[in-house]
Each structure stands twice: as structure tokens, then as C-alpha cells.
4 protein chains.
Amino acid sequence: MGDEPTLAGQPRQGVRADAQRSIDALLTAAAEVFAEDGVDAPVRQITAKAGVGAGTLYRHFPQRSDLIAAVFRHEVDACAAAAPTLAARYDPLEALTRWLQRFAGFIATKRGLSAALHSGDTTYDSLPGYFQQHFEPALSALLDSAAKAGAIRSDADPWDLLRAIGNLAVPAADDDSGHTQRMIALLVDGLRFGAGA
Amino acid sequence: MGDEPTLAGQPRQGVRADAQRSIDALLTAAAEVFAEDGVDAPVRQITAKAGVGAGTLYRHFPQRSDLIAAVFRHEVDACAAAAPTLAARYDPLEALTRWLQRFAGFIATKRGLSAALHSGDTTYDSLPGYFQQHFEPALSALLDSAAKAGAIRSDADPWDLLRAIGNLAVPAADDDSGHTQRMIALLVDGLRFGAGA
Amino acid sequence: MGDEPTLAGQPRQGVRADAQRSIDALLTAAAEVFAEDGVDAPVRQITAKAGVGAGTLYRHFPQRSDLIAAVFRHEVDACAAAAPTLAARYDPLEALTRWLQRFAGFIATKRGLSAALHSGDTTYDSLPGYFQQHFEPALSALLDSAAKAGAIRSDADPWDLLRAIGNLAVPAADDDSGHTQRMIALLVDGLRFGAGA
Amino acid sequence: MGDEPTLAGQPRQGVRADAQRSIDALLTAAAEVFAEDGVDAPVRQITAKAGVGAGTLYRHFPQRSDLIAAVFRHEVDACAAAAPTLAARYDPLEALTRWLQRFAGFIATKRGLSAALHSGDTTYDSLPGYFQQHFEPALSALLDSAAKAGAIRSDADPWDLLRAIGNLAVPAADDDSGHTQRMIALLVDGLRFGAGA
DNA sequence: AATGAATGAGTGTTCATTCAT
DNA sequence: AATGAATGAACACTCATTCAT
């Protein structure tokens, strides 16, 4: 019951101060390393930067995906939380588009994340579920609003879209940041196309 | 000088018979291995299947991307060649859609190819150019026809679309083969949406 | 200094109740783990099963051999105690044979014990002495009786025999349970052979 | 056909000079390391002493047991070959006893070998068969001769004896070299005991 | 031109032991 | 007295690439 490695990233009661210090150091280090070299970066690079032993990492994050999930938690939360905010400020279609761009921005900074998700490596098995769980509701609400407003078709599958953008947003060698944005716009146009039908 | 490894896959004058035999064996073996284990498969697996030494592979294909390009040459040609065929048989929009699906089918069978393209590994640097060079003209013609026919907007960038579908078509763990098709349809709808504008 | 870890297994005056509880939990857990995975099983496995911290184990059993000795104490006592019982019930030769088989049975269930005894690892240094101290008198008495009865030679060294059977009884990959028994019978025959001389 | 790693220790035609040099260096180094630290010694210790890379070892001896077998080949051969020599020089019983002592001497110098044989580790799976194949015929002949001469019982199982002595001869912390000899003598006496029956 | 032996850095992971809490 | 977090050396093994043969 008190054993939820997935939650290692969150301050909890009952976690010793020294442990929490290690966890924080690891999360900070991992965030930097992931940003620098992608999520496949060697474990040692992270532990070295965090100033902890390898065993400490494995204690708190038995699976690599646990670390990834923990590192991204804040960003995931922030991204998902942006959905209602945007919905309140903009009209449904605009809110949808902006959030998809926001989501793409999240993905774009995660080098190797998409590859990991599709690697078939069982180490990352829990990751799709994690993202699905956090992002799908957010997008689902936006799609519903836009559909109700008659702006887009009503049969759009949120998970389909998340997967698509998750793949589209992987950064290319040439940093053509406009590419992803254009493609998202195109997908949204596709959704609009069916609206009047 | 006069040494163009990128062309190793093509029979050329001046290539000794035994060298050509090695090249053929390597291409055949690599094709099988790529199909089985993806383009990241260990080099040894390929040389073993080809019955040649590792040095022979590196002589003819100094870069891994050279081998990949050579192996896929035929399929790339066939895929590109399908464009005019489809254009002749179907109306512009239908032809476009069908070819994009065809292209997605090509990508989908290349395990690890998309990841390699976006790995940042300089070993694969020449690959995007290779694909661009072969596929872009094919798609460009289809887009032009459809645009001229008023079926889609006229400002679609072929390379944008190729990149997008190249990313979308990576096979997921759950073999949701419909996902890619739905996304392509959505993208095409997006192109149609702007047509009247 | 009043601190005799070797005796940790025995209830003593002056041991705090909570300490005794930890010791008992450790002994119970270790017994199960040893039976399951041998005496080389990871320490964590034992502490986890016992529900105590690693430090607690090291406090009471600074050496791994201390734990082993304590865990086996009851079985060692029982095995040693079987000697007089068998001596009372059977004729000297029969009693000797039966006890050696009994002893072999004890060894056979201790996966990794023999290896540990011969590993050269100083961690196990105290173990031979422990076993010698407990088993040698038992066997010695049986040998003396049999020798006095003229059934076996009189110069048999008990510790020699204990060591021999300790080694013979290590379980092999193929569970040839008869092997040890046959070899013990052969050794006893060897003792008998010299009897008439 | 040309792929028999088990035979890597033997000079063969078709083995390149450099490869043979590596193999020799590895065998020499491994022999020393095994003698010093037992057969469980770290791989790196061997490669370092041999002055070759780790990969070279794995190329020639994919399994640890392959290396052990190769290292011991000469000694195994020599030990097995001693059987007919002893049989020619001594009477059957004496020859048997002397050969068993010889065999025990072989085992005694192999620290960790017995443990490896009984470890259950699949890495060593091929070892028992290797030893059985080489030693059993040698012992079998000696047993037959002695049995025919009426010196020992005729139902002795050679593999049983080999296993027994293989276990008995493992060196203890205290180097009681006499122990093994005494136990072998006792086993032989056991064989003699049943002879008249 | 071809071979394939050699390299050796690099990786994930384990685990006995210590010591701050 | 008890905890369990932290350590970090140690290990087997892989594989792209080079280069002697």
C-alpha cells in the first residue's frame, strides 16, 4: 500500500527526508538529461548528475518508465490542466487547436519519448497507459465542446489524435518547428471538414 | 573518388564480379533481416546471413544508411512509380488518398526506420534526403492535380505531408492498423477543407 | 562483552522483548529462505520476509555464518540427538549407518551449505567449527560402539567422516537421491572391511 | 562444421594465426586464474592477463564451460590416460586405488569446479557430460579388471564413484590433504568388502 | 577484394554493507 | 534498538568498427 513507485516523484508523508532529497535530485537530474540526450540516456549519466548511487535510482524507480513518468508528471499535469483554461478563454475550435499545439510542444521537448513508446521494450509498457490516463480526458472535453458547437465532426477519437500528434511532434534533425504546427492545423481542418456533413 | 557507395546497390560497370556478388548477397540478407528485426538489427546478423565478412559490408556500405537506402531502393521506386499509375486510374482526390495509404504501407513495414530518421544519429543523415528525392516528386504531382481539380487546397507542401505520414505510420505495440488510415483520411479531409477557400 | 552474537538465536536474559521478537522473525524468515533458495540467498529477501530492517539483521548476526548457525541450531540438535536414540534401538552397525544417512539428509536439504563451507569466504569461517562441535561427539559415540562390538575398524576418524558425507550429500542437478545413500553404504562397508583385521 | 567452440583449445587447421595466438593466451591466462582464484573468477581477470579484449574471449568460448573444458583438456586427457598405464604396472586393486587418488588430485586443484558442477547454473551444463565422457571409460576399465580379479565387488557404478570423489576432493579451508586420500582408501575398502559375497 | 578476429568502451542491474535518521 | 535509504564496486555481455591476414 505504501509502495507506489510510480508516485515516487510526489512528496508524501512517511518518506524520509533523505529519501526525498535523493528523489528530488534524481528528478532534477533526469529532467536535464532527458532534455539533453533523450529518455534513452544511460542510467549512469543521471545518477552522476544527481550525485547518488545507481542503487538509489533503482530503489525509487525500478522501471525506467517510472522515472520518465515521474519526471514528466508536472509537465503532464500542466499540459492537461491547460485544457479547461483554454476552453474558458477561447471558442471551442480555437481552444482545441491551441491545446493540441500545447500538447505537441510537450512532446517535442521529449527526445526519444515517442521511440520509447513504440519500441516494444517492456520497460516502457506502463507509459502509454500513463499518458492516456492523463491526456485523454482533457482532449475529450475539448472535442465534445467543439462538436457540440458544430465546429467539428462528432466522431473524433481522442486517443487516435493523441497518438497521431505524439508521433507527428517528434523533433526532426532540421528543427522545422513549423511542420508540426502546420500538420496540427491540417488535422483540425480535417475535423472541421466533416462538421457540416 | 569514383567511389560512390550510395550507388553500391546498382550494378555498375567496373565492379568486379565477386564484388557484385557480395553486394547482392548483402542486399538480400539485409532485406530479410530488416523485415524480421528492423533496421537497427546488429550488423553481424546481416553479414552472417549474407555469408560475407563484416569488412565487406563496410567496404560497400560505409554508412548504415547506405545499406538501408540500397535495400529499400526497389520498394521506394515501386512506391513512387505507383503515383502516376494511380493518377491515371482514379480521380485526383482518390488517387492522392490511395497513394498516401500506399506510402504509409511502405513505412509501416520498416520497423525502426522512423526512429532511425529521427534519432539524430549522424549515421542516418543521408536518409531523409534520399527519401525526399524519390518520394517528393511523386506526391507533388498528385497534389498539383488534385489542387487543379479544385478538390484540395493548393498550398500543401509535399515534404510536410511525407514527413507527417512517415511519422504517423510507425507501428504501435497494439497493432491498430486502422489508426494510420484514419489519420491519413483526416489529413486529406484537411486538405479538402481548404479547397473552397 | 556480554555481546555474543553467536548465541543470538537463544532466548537470554537481558534481551529486550522487541529485540527478541526481531531475532525470532529473522530466524523464521531465514529458515524459509534457506530452504527455498539456499544459504546464499540475498540478505534483503530474508529481512523483507522477516519484516525488519537490514540493520537489525546485522546487529544480531554480524556474520552470515552466525545466522546460518542459529537457523540450523534446532535441526543440528535434533540430528545430533538422534544418535543416542538410534544407538538404543538398533545394533551398533545399524545405528551408525542410519545416523549417517540421517546426517546426509540434514545436509542435503541445505542448498549451498557445502559450497559455503568450502568457499574460502571468511564470512563462513566459524561454520565448520560449529558443526564439528555439535556433530562430532554424536558420531564418535556411534563409531566407538560399533568398533567395540567388532563390527568396524577402530581407527575411524569421526570428523573425517562428517566432512566426507557433508561433501557427498550435496544435491546434484539430476536428483539422484540414491547416490548419497549408496556412497554412505560403501563407506560403512569400508569401515567394516577393516574390522576383522 | 568448422564451428566447434568446444574444440577451441586445440590447434586446428583453418584457424588463423592471430586467432590461435589469442586462444593460447586465453588458455594460459585462464589456467593461471583458475588455479589462483577458482573457476568462478571474473572474466575480466582472465582477459586482462591474456592481454585480449572481452569480446575475444566470448568469440572463442561463448560459454564459460567451454573455456573450463578447454583449459582442463590436457589435464583431463592426462588423467584419463593414466588409467591404462597404472593398470599395466600394478595389480588391479592397486591400479584402481592409485588412479582414484590421481583423479582426486586433479579435482583438488580446481577450486570452485565442484561448486560449479552443482550450481544448477545453466552456464555449466555441458561440464558434467564432458567429464563423464572422458573419465568414465577410464575408471570403468579399472573396475572391471579389479572385479574380474575378485578383488572388489562387481556392481560398482563408475559414475557414482566419480561423482563421489569429485565431491570429496574439494579442498577445505584447512588443507588437510590426507582427508581425501583416507576417504578414497575407505571407499575402496568398501568395494573390497563386498568382493567375497 | 574479402575475411573475420580483435577491440574495449559501454550498459543495465545486483547486493552486501554502512550509517543517517 | 530499529529502520531502510544509500552506497558503488562489481559483473557479464554486446556490438559497431577497425585492421591484420
Side-chain angles (χ1 to χ4, degrees), chain A residues 14-23 25-26 40-45 47-48 50-60 62-64 123, chain B residues 15-23 25 40-48 50-60 62-64 121 123, chain C residues 15-23 25 40-48 51-60 62-64 121 123, chain D residues 2 14-23 25-26 40-45 47-48 50-60 62-64 123:
Chain A
V15 172
R16 278 168 40 169
D18 54 353
Q20 190 58 50
R21 231 175 302 136
S22 292
I23 290 171
L26 279 167
D40 310 309
V43 168
R44 275 186 170 57
Q45 201 173 334
T47 57
V52 305
T56 304
L57 185 150
Y58 281 97
R59 163 177 289 272
H60 296 296
Q63 297 286 329
R64 181 171 267 262
T123 312
Chain B
V15 173
R16 279 171 41 170
D18 54 350
Q20 189 59 49
R21 228 174 303 132
S22 292
I23 290 170
D40 311 310
V43 168
R44 298 278 302 249
Q45 204 173 331
I46 296 168
T47 57
V52 306
T56 305
L57 185 149
Y58 280 95
R59 164 176 290 272
H60 296 297
Q63 295 287 327
R64 181 170 265 261
D121 189 327
T123 312
Chain C
V15 172
R16 277 169 43 169
D18 54 351
Q20 189 60 48
R21 230 175 302 134
S22 293
I23 290 170
D40 311 310
V43 168
R44 299 277 303 248
Q45 204 173 332
I46 297 168
T47 57
V52 305
T56 304
L57 185 149
Y58 281 94
R59 164 176 290 272
H60 296 296
Q63 296 287 327
R64 181 171 264 260
D121 190 326
T123 312
Chain D
V15 172
R16 278 167 40 168
D18 55 351
Q20 189 61 48
R21 229 175 303 135
S22 292
I23 291 171
L26 280 167
D40 310 310
V43 167
R44 279 208 175 38
Q45 201 173 334
T47 58
V52 305
T56 304
L57 185 150
Y58 281 98
R59 164 177 288 272
H60 296 296
Q63 296 286 330
R64 181 170 267 263
T123 312

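Side chains included, hydrogens not; waters and symmetry mates left out as well; all remaining heavy atoms used. All chains are named by letter (A, B, ...) in the order of the sequence lines, taking the proteins before the strands, and each is independently numbered beginning at 1.
Applying the side chain to side chain contact (heavy atoms under 4.5 Å, CB included) test to D/Arg21 and every residue at least two apart in sequence or in another chain returns D/Ala17, D/Asp18. Partners of D/Asp40 according to the side-chain hydrogen bond (donor to acceptor under 3.5 Å, both in side chains) rule, which considers only residues two or more places apart in sequence or in another chain, do not exist here. For A/Ala41, the side chain to side chain contact (heavy atoms under 4.5 Å, CB included) test picks out A/Val33, A/Asp37, A/Gln45, with sequence neighbours left out.
Between C/Val52 and A/Val52, the residue anchored closer to the 5' end of DNA chain F is C/Val52, taking for each the nucleotide with the nearest heavy atom. Mapping B/Gly51 and D/Ser22 onto DNA chain E via the closest heavy atom, the residue that lands nearer the 5' end is B/Gly51.
Following rounding to the nearest Å, C/Gln45 (CD) and F/dG4 (P) show an atom-to-atom distance of 17 Å. The separation between D/Leu57 atom CG and F/dT14 atom P is 12 Å, rounded to whole Å. Separating the CD1 atom of B/Ile23 from the P atom of E/dT3 is a distance of 12 Å, rounded to the nearest angstrom.
At the heavy-atom level, D/Thr47 lies nowhere under 4.0 Å from the strands shown.
Heavy atoms only, all atoms of each residue included: D/Gly53 and D/Thr47 are closest at O-CG2, 3.9 Å. Contact record, A/Ala50 with A/Ala25: CB-O, 3.5 Å, taken as the closest heavy-atom pair.
Residue B/Tyr58 holds its OH atom at 7.0 Å from CZ of B/Arg64, rounded to the nearest 0.5 Å. How far CD1 of B/Ile23 is from OG1 of B/Thr56: 10.0 Å, rounded to the nearest 0.5 Å. In this structure, A/Arg44 CZ and A/Leu57 CG are separated by 11.5 Å, a value rounded to the nearest 0.5 Å.
Side chain of A/His60, nearest nucleotide from E/dA2, E/dA6, F/dA6: F/dA6.
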Per-nucleotide protein contact string for nucleotides 16-21 of chain F, where B marks a base within reach and S marks sugar-phosphate only (heavy atoms under 4.0 Å, - for neither): SBBB-S
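With pairs defined as Watson-Crick or G-U wobble and both atom distances under 3.5 Å, the stems of at least three pairs that touch DNA chain E come out as E:2-21 with F:2-21.
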